[in-house]
Asks: 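Next up is a structure, given as structure tokens.
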Amino acid sequence: LLDSVLALIGCDPAQLRGRQQESARQARRRLGSALPIWLRPLMGPLIRFSVIERNLREAGRSALVAYLEAMRRDILALGRRWAGSEPESERPLERPEDIFHLTLREVLAVAEGRLSPACAARRSSWRRQQLERWAQEIEPDVIIEHGDAVTVIAGAHATSDGVWRGTVAGSGYARGVAYVARRPTEAFAMQAGGILVVPATDPAWTPLFLRAGALVMETGGYLSHGAIVARELGIPAVVNLPGILQRVRNGDLLEVDGHKGIVRRLHRGLSSEPSPRSPSEAGG
């Protein structure tokens, strides 16, 4: 969290707000031009209603997360108790965090004596190992299922002139230096206006969006986390570009066209690896 705060030093909130407002104006113009004349008077009230509904939805989600955090603390306390039980051969868990590899029903069953600690330990250990194996796998880019037939399509590659075509997720145009990162900490050194090139995003990446000039995601669609946040902040975004992390290097000069869904490399950079250093590691 501290590294995220340090990374926001120098970020201009007025510029970000201006970009949001301009993106909203462009969206209103496109929507107005697409609607029949007799429906256009309804556009304003419906947009205001959607904003109110969105805020209510987010408030409810925040309240739910607060309740879940209280539950999480209680469950973790059980995990600490079980992992510290003696003798060691009877410990249900190898470490406290392993309790999260059990379902809530299983946790309650162990606490109430309806599920043996040894059985719970085997389930937790097997699921943790399975999760670790899955994390090491490289998932196929496209899987098509039809009946009993499963087709796996390999990743796409750039064309000979260094052009990638993907899905438009945030409109706009940007040009900047690529910052390739597989984890948020690898992009903390990104300068304002940089092009953030990532496999996918979750809320941990959100602070980086405040400085990014554009977002390029290897996977994801129009309703993915990165796409939604990019549109909210008025950032050009192109997603669903399989293989682009292997083709773009840290420091490449990229052009991102959020209207046509095109990412173009204008010049190759000198660095081949993203910097893993955070601002605090780099001296603030």
Side-chain angles (χ1 to χ4, degrees), residues 1-27 50-51 54-55 57-59 61-62 65 164 166-241 244-245 248 250-263 274-280 282 284:
L1 179 61
L2 179 59
D3 285 337
S4 298
V5 173
L6 292 173
L8 294 177
I9 294 176
C11 179
D12 185 1
Q15 182 180 13
L16 174 62
R17 184 58 180 166
R19 187 166 58 186
Q20 288 178 296
Q21 293 173 344
E22 177 59 27
S23 178
R25 284 193 292 267
Q26 292 179 6
S50 67
V51 171
R54 179 196 63 191
N55 292 340
R57 180 198 65 190
E58 293 302 319
R61 181 183 300 177
S62 297
V65 170
W164 293 263
T167 301
V168 173
S171 61
Y173 172 87
R175 177 184 294 186
V177 175
Y179 286 82
V180 183
R182 294 186 177 276
R183 294 179 294 275
T185 53
E186 295 178 351
F188 278 151
M190 182 178 65
Q191 301 297 316
I195 308 299
L196 186 59
V197 183
V198 299
T201 69
D202 56 37
W205 293 84
T206 303
L208 294 168
F209 283 55
L210 301 177
R211 289 185 292 124
L215 174 68
V216 174
M217 288 202 311
E218 191 171 45
T219 61
Y222 193 76
L223 296 179
S224 60
H225 171 269
I228 293 173
V229 177
R231 288 194 297 273
E232 182 178 348
L233 299 180
I235 300 172
V238 179
V239 303
N240 192 23
L241 297 162
I244 195 169
L245 261 69
V248 171
N250 218 34
D252 286 357
L253 181 62
L254 299 182
E255 181 181 73
V256 179
D257 189 335
H259 299 292
K260 299 180 180 180
I262 296 176
V263 177
S275 172
R277 298 192 304 168
S278 66
S280 59

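In this text, all values refer to a predicted model and were calculated from it rather than measured experimentally.
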Asks: Quick one: closest heavy-atom pair of Arg183 and Glu186, and the distance?
Replies: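 Heavy-atom minimum between the residues: NH2-OE2, 2.7 Å.
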Asks: Atom CD in Gln191, atom OH in Tyr179: separation rounded to 0.5 Å?
Replies: 4.5 Å
Asks: For a side chain to side chain contact (heavy atoms under 4.5 Å, CB included) check, start with the C-alpha distance between Trp164 and Val238, then their side-chain angles and the critical distance, and finish with the verdict.
Replies: CA-CA 10 Å; Trp164 293 263; Val238 179; over 6 Å; no
Asks: How many angstroms lie between CZ in Arg17 and CG in Leu233, if you round to the nearest 0.5 Å?
Replies: 10.5 Å
Asks: Hey, could you give me the CD/OG distance between Gln26 and Ser171, rounded to the nearest 0.5 Å?
Replies: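 Reported to 0.5 Å precision, the distance equals 5.5 Å.
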Asks: So does Glu58 get a backbone contact from the side chain of Ser62, meaning a donor-acceptor N/O pair under 3.5 Å?
Replies: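 Flag set: sc Ser62 to bb Glu58 pair under 3.5 Å.
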Asks: Testing the basics here: between Arg19 and Gly213, what is the closest heavy-atom pair and its distance to 0.1 Å?
Replies: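 Scanning both residues, the minimum pair turns out to be NH1-CA, 4.3 Å.
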Asks: Find the distance between CD1 (Ile235) and CG (Leu210) and round it off to the nearest 0.5 Å.
Replies: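 Answer rounded to 0.5 Å: 7.5 Å.
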Asks: With no hydrogens and no angle check, is any side-chain donor or acceptor of Asn240 less than 3.5 Å from a backbone partner on Gly221?
Replies: no
Asks: Output the distance between atom CZ (Phe209) and atom OG1 (Thr201), rounded to the nearest 0.5 Å.
Replies: 4.0 Å
Asks: Once rounded to the nearest 0.5 Å, what's the spacing between atom CG of Asp202 and atom NE2 of His225?
Replies: 6.5 Å
Asks: Would you name the heavy atoms of Ala227 and Tyr222 that are closest together and state the gap between them?
Replies: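 Taking Ala227 first and Tyr222 second, the nearest heavy atoms are CB-O, 3.3 Å.
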Asks: Keeping the roles fixed (side chain from Glu218, backbone from Ala200), state whether a donor-acceptor pair exists under 3.5 Å.
Replies: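 No.
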Asks: Run through Val197, Val198, Ile195 and flag the one making a side-chain contact (heavy atoms from CB on, under 4.5 Å) with Leu215.
Replies: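 Looking at Val197, Val198, Ile195, the match for Leu215 under the side-chain contact (heavy atoms from CB on, under 4.5 Å) is Val198.
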Asks: Quick one: closest heavy-atom pair of Ala187 and Ala181, and the distance?
Replies: CB-CB, 3.8 Å
Asks: Identify the two heavy atoms, one from Tyr173 and one from Asp257, that lie closest to each other, and give their separation to 0.1 Å.
Replies: CD1-CA, 4.3 Å
Asks: For Arg57, enumerate each residue passing the salt bridge (charged side-chain N to carboxylate O under 4.0 Å, His left out) test, keeping only those at least two apart in sequence or located in another chain.
Replies: none
Asks: Closest heavy-atom contact between Leu253 and Arg175?
Replies: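 In this case the closest contact between Leu253 and Arg175 is CD1-CG, 4.0 Å.
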